[in-house]
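First comes the structure, then the notes that go with it.
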Amino acid sequence: MKTSVREAKGGVQILDLKGKITIGSGDVQLRETINKLVEEGKKNILINMADVTTIDSSGIGELVGCYTSVTNKGGKLKLLHLPPKISDVLTVTQLITVFDVYESEGEAVASFAA
Amino acid sequence: MKTSVREAKGGVQILDLKGKITIGSGDVQLRETINKLVEEGKKNILINMADVTTIDSSGIGELVGCYTSVTNKGGKLKLLHLPPKISDVLTVTQLITVFDVYESEGEAVASFAA
Amino acid sequence: MSSPRANRETGPIRMSLSSRFENIEMAQHLCGKLLEGYDLPEEKRHWILMALREALANAIKHGNSQDQAKRVHLDMDVIDDTLQMRIRDEGNGFDPSGVADPLAPENRLKTSGRGIFYMRTFMDEVSFRPVDGGGMEIVLKKHLIREGQKEEKGP
Amino acid sequence: MSSPRANRETGPIRMSLSSRFENIEMAQHLCGKLLEGYDLPEEKRHWILMALREALANAIKHGNSQDQAKRVHLDMDVIDDTLQMRIRDEGNGFDPSGVADPLAPENRLKTSGRGIFYMRTFMDEVSFRPVDGGGMEIVLKKHLIREGQKEEKGP
Ligand SMILES: Nc1ncnc2c1ncn2[C@@H]1O[C@H](COP(=O)(O)OP(=O)(O)O)[C@@H](O)[C@H]1O
Ligand SMILES: Nc1ncnc2c1ncn2[C@@H]1O[C@H](COP(=O)(O)OP(=O)(O)O)[C@@H](O)[C@H]1O
């Protein structure tokens, strides 16, 4: 998996993920990237999932773990551009309602200010 | 493998092969097609190899068998458009000199009249 | 020419791999090839491969504790249009009835515990049995529906 | 992040297949996946897969006499950048020294007898040994040359 971070309006951190978030490849990396942002005091994080090709239960677990650690620090973690299969996988485990999910980057970024 | 036969000038039968000539798939089919032409009294056969994707030792064996049976009936069997890897495979077993090989269909067809 | 049906039948395919997560893709790749003979909707193929991934990940992680000297065994076959995959590890086994429900409110935000649930969601049948001499075997089954069938189990 | 080298190491991969020619592609598919980690010229990859095909075809045809109840076993591994494939059948074995030279003038136009010759042409090392309890094992080796190396053995 490749990760890169950009800053949008209002200090929102957009994390672009690319590739697989699967056990032993990408799962730990995701957690470390989020932890680093949290340590730097970044509280509003938007994960752009558009280019995530595969996710498994470990990847989903990491996503949930990131959600919890950001929320515990008083921050917000939201998701952008969920590919249909990842959306399905979140739906069946009733996680889709946990995450705020957006289809438009502009709307997503604006939502943090609300 | 797919085979189709067209007739060119001078009654030359052009056999267009497509796909694999490998053990259990295409090797026997090639022999049967050639045998049928020979039985029908067709003596000048040009095999167009352009779309042959893979060949193995069984396929090469069948090609040699076809050559022999056509030649034994007083006919000629020639090859057209040999893909480089098939040419390599014929070369290492010193079969490339056995076959008349052409790069131009027109020349190949004309050669039977010579 | 043989019928498409006959072409598809391969007989049982067995493989075994060293306990590394990277090897999951090897097994998926082979399973994908086996499924090529069937005209599956891309979605269905994807869910089957995901279920296989979850079973292999468990065998490598929980079963074999990532000990690369231990092997993960995969048997695949299609019988009466039903894909059957057996995944076996060389670990200590476990009691599947003791596995927590990931949908229970107290588990919803856990960082693990969804693998078996996904397998059950995506496959028609999931069963476990302890292997003689240690280790766990998990059997995954999925009917490979033919033309005209568009209905999908799973999400 | 681990080095590309480490990513490539899979540990030994074993598979077994029912004795059908159609299954040759299954094994080639898996070998192709194993080779993906190496930056091989397409030609080289092709010759390796052809040698594997020949060995499997012999195991199925001559070794197991196409008896689908008998299995063909393939072990693959890359050790010190050398691909090593072992192909084993459940037949009666044979004496490789008794195999005729396909380049001898009297054999040049035979319809068979080129399989082992192709394996020897395309691989660095080809060896045979009878297996305890019957059957033949053939070992094929090929060094997987790294960047900067353009030279090819084989045609
Ligand atoms: N092959 C196995 N060997 C031993 N224990 C296993 C095996 N597969 C699953 N388990 C146990 O079942 C639990 C639930 O597995 P699963 O639903 O896949 O979630 P996760 O792997 O995220 O914990 C695991 O935590 C483990 O304790
Ligand atoms: N696995 C095997 N078991 C028994 N005999 C074999 C095996 N492999 C090869 N042979 C013998 O060696 C001969 C030469 O094999 P090969 O060079 O591949 O040519 P071909 O398969 O076309 O005969 C075969 O005809 C067969 O008699």
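Sequence lines set the chain letters: A, B, ... in the order given, protein chains first and strands last, and positions in each chain run from 1. Below, each value reflects all heavy atoms present in this structure, side chains not excepted, and no hydrogens, waters or symmetry copies.
When every heavy atom of A:Val64 is checked against every heavy atom of C:Lys110, the shortest pair comes out as CG1-O, 3.8 Å. Closest approach of A:Ile23 to C:Ile24, counting heavy atoms only: CG2-CD1, 4.0 Å.
Only the backbone of A:Ile55 has a heavy atom closer than 4.5 Å to any heavy atom of chain C. Only the side chain of A:Leu95 comes within contact range of chain C, judged by heavy atoms closer than 4.5 Å. With a 4.5 angstrom heavy-atom cutoff, A:Ser25 does not touch chain C via any of its atoms. Residue contact with chain A, scored on non-hydrogen atoms closer than 4.5 Å, involves the backbone and the side chain of C:Arg108 alike.
For A:Asn72, the CG atom sits in a packed shell: over 12 heavy atoms of surrounding residues, nucleotides or ligands are nearer than 6.0 Å. Applying the 6.0 Å contact sphere to CG of C:Asn92 captures no more than 12 heavy atoms from other residues, nucleotides or ligands.
Of the inter-residue distances, the one linking C:Glu42 atom CD with A:Lys85 atom NZ reads 3.5 Å to the nearest 0.5 angstrom. Distance check: C:Glu25 CD to A:Thr54 OG1 gives 7.5 Å after rounding to the nearest 0.5 Å. Between the CD1 atom of A:Ile60 and the OG1 atom of C:Thr111 there is a distance of 12.5 Å, given to the nearest 0.5 Å. Here the OG1 atom belonging to A:Thr22 is positioned 10.0 Å from the CZ atom belonging to C:Phe21, to the nearest 0.5 angstrom. Within the model, atoms CG of C:Leu109 and OG1 of A:Thr71 stand 8.5 Å from one another, a figure rounded to the nearest 0.5 Å.
No other option in C:Arg53, C:Met50, C:Gln66 has as many heavy-atom pairs under 4.5 Å with chain A as C:Arg53.
In this structure, C:Tyr118 contributes its side chain and A:Val89 its backbone to a donor-acceptor pair below 3.5 Å. Side-chain atoms of C:Glu54 come within 3.5 Å of backbone atoms of A:Ser57 as a donor-acceptor pair (strictly under, hydrogens ignored).
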